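Proteins get letters first, then strands, A, B, ... in listed order; numbering begins at 1 in each. All of these numbers come straight from a predicted model, not from anything done at the bench.
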Amino acid sequence: MSLGLYRPGRSLLHRAPAWSKLLLLLAAGASSFLLDRPWQVASALAAVVLGYAVAGVPPGVMLRQARPLVWILAAVAFFHVLASGWERAFVVVGVLLALVLLAALVTLTTRTADLLDVLVAWMRPLRVVGVDPERVGLLLALAIRSVPVVVGLGQEVRDAQRARGLGASPRAYAVPLVIRSLRHADELGEALAARGVDD
Amino acid sequence: MNRATPATAPRTASRRLTSRDLALVAVFAGIMAALGAIPAFTPAGLTVPITAQSMGAMLAGAVIGARRGALSMLVFLALVAVGLPLLAGGRGGLAVFEGPSVGFIVGFPVAALVVGLLTELRGAPYTLEWGIPATVVGGIVVLYTFGVAGMMWRADLAFDAAWKAALAFLPGDLVKAVVAAFVARGVHAGYPGLLRVRGARAERQSAAV
């Protein structure tokens, strides 16, 4: 699955089982409210950066994980400096940054297929409320396959528009895209039924 | 390519998903990804660029209904969580669930659910005067509730500040809610059968596009 954000490697973090990394991330998220001193937040950030070093992820890649957040974090920091001072601003922004970087580290060091397996495994207790983990796995696989199919249909629609000299109108793009996708879903549904998914 | 399967069989809470339901849910998750691949555009007079993606949640509810629409958004989020860069701008992975905009993202399934419930309440034919309020309530009122709560939680903002921050996106999202309803009307006109026909009082006025 080359589509994902995973970066191959052989580090300790790469080899750790996916469920353990997810549990660590959940625990970090759940306990992050305990950090309210700047030195605690700085240590948490340092620990996450150390994690990137252990995983052998270059600093440039690490910074790229934080880039989409720069403006939001700046706005949040600005607000907290005004409302309650530098210390509070550092704590809030630092905790956010540490958690985002940690989550990105899990994504970078864990194969998409492994995370999917964990997801399906964690669905098992939901059997009691009628969720079938096997069908969840099938659904996720179908959805992954649908992404390039629908993107391809979108390309066809755009080419057709261009050939007719139509400009970029969101409606003129979306309506045929959705209708073509629905027709594709009809065929997909029939193929699934033919393979006995409804039995 | 036959459409003999009735799209809206009588639904009960525990009704199993048919293979057609599975296909529709999976394909709509794909549509959501395709909308994320559209470059953001900035209409005249607006400063906030519009990505097509948040339209996807409204469209899911308005086109394939509450249950399948909400499920398709859950599936989409699962794909994002396992590391596929499907959110607008090529974002993905677990990091987006730790960021300050987490509420807007986990709100997608609920937004689709509410838009779908409102749309199904009225049934076919899909009309703009019912469809636009439905996309506004689900795609803006409900989604912003989650988004603002997320910002209060992750960025430790007061309700007032979080609400004002979200306001910057309101003009763009209002445009998207209207566009989503127009798109849904076009889709229902070109692909009938997804909505249950509403008894005898089928108003013809906006059935044709």
*asked:* Taking D21(B)'s backbone N and O only, do any of them form a donor-acceptor pair with T18(B)'s side chain (distance below 3.5 Å, no angle check)?
replied: yes

*Does E98(B) use its side chain to pair, donor to acceptor, with the backbone of A95(B) at less than 3.5 Å?*
no

*What residue in V187(B), L24(B), L71(B), L59(B) has the most heavy-atom pairs under 4.5 Å with chain A?*
V187(B)

At a heavy-atom separation under 4.5 Å, does [X] approach chain B through its side chain, its backbone, both, or neither?
X: L69(A); result: side chain
X: L22(A); result: side chain
X: L139(A); result: both
X: L119(A); result: side chain
X: L102(A); result: neither

*Compute the centroid of each ring, for F76(B) and then for F28(B), and state whether the two points are separated by less than 6.0 Å.*
no

_Greater than 12 external heavy atoms within 6.0 Å of W122(A)'s CH2_ = yes

_Just so I know, are the side chains of M32(B) and S72(B) near enough to count as touching, which here means a heavy-atom distance under 4.5 Å?_
no

Quick one: what part of [X] sits under 4.5 Å from any heavy atom of chain A, side chain, backbone, both or neither?
X: R154(B); result: both
X: V63(B); result: side chain
X: A81(B); result: backbone

*Please work out which of the three classes, parallel, tilted or perpendicular, describes the rings of Y6(A) and H14(A), given edges at 30° and 60°.*
perpendicular

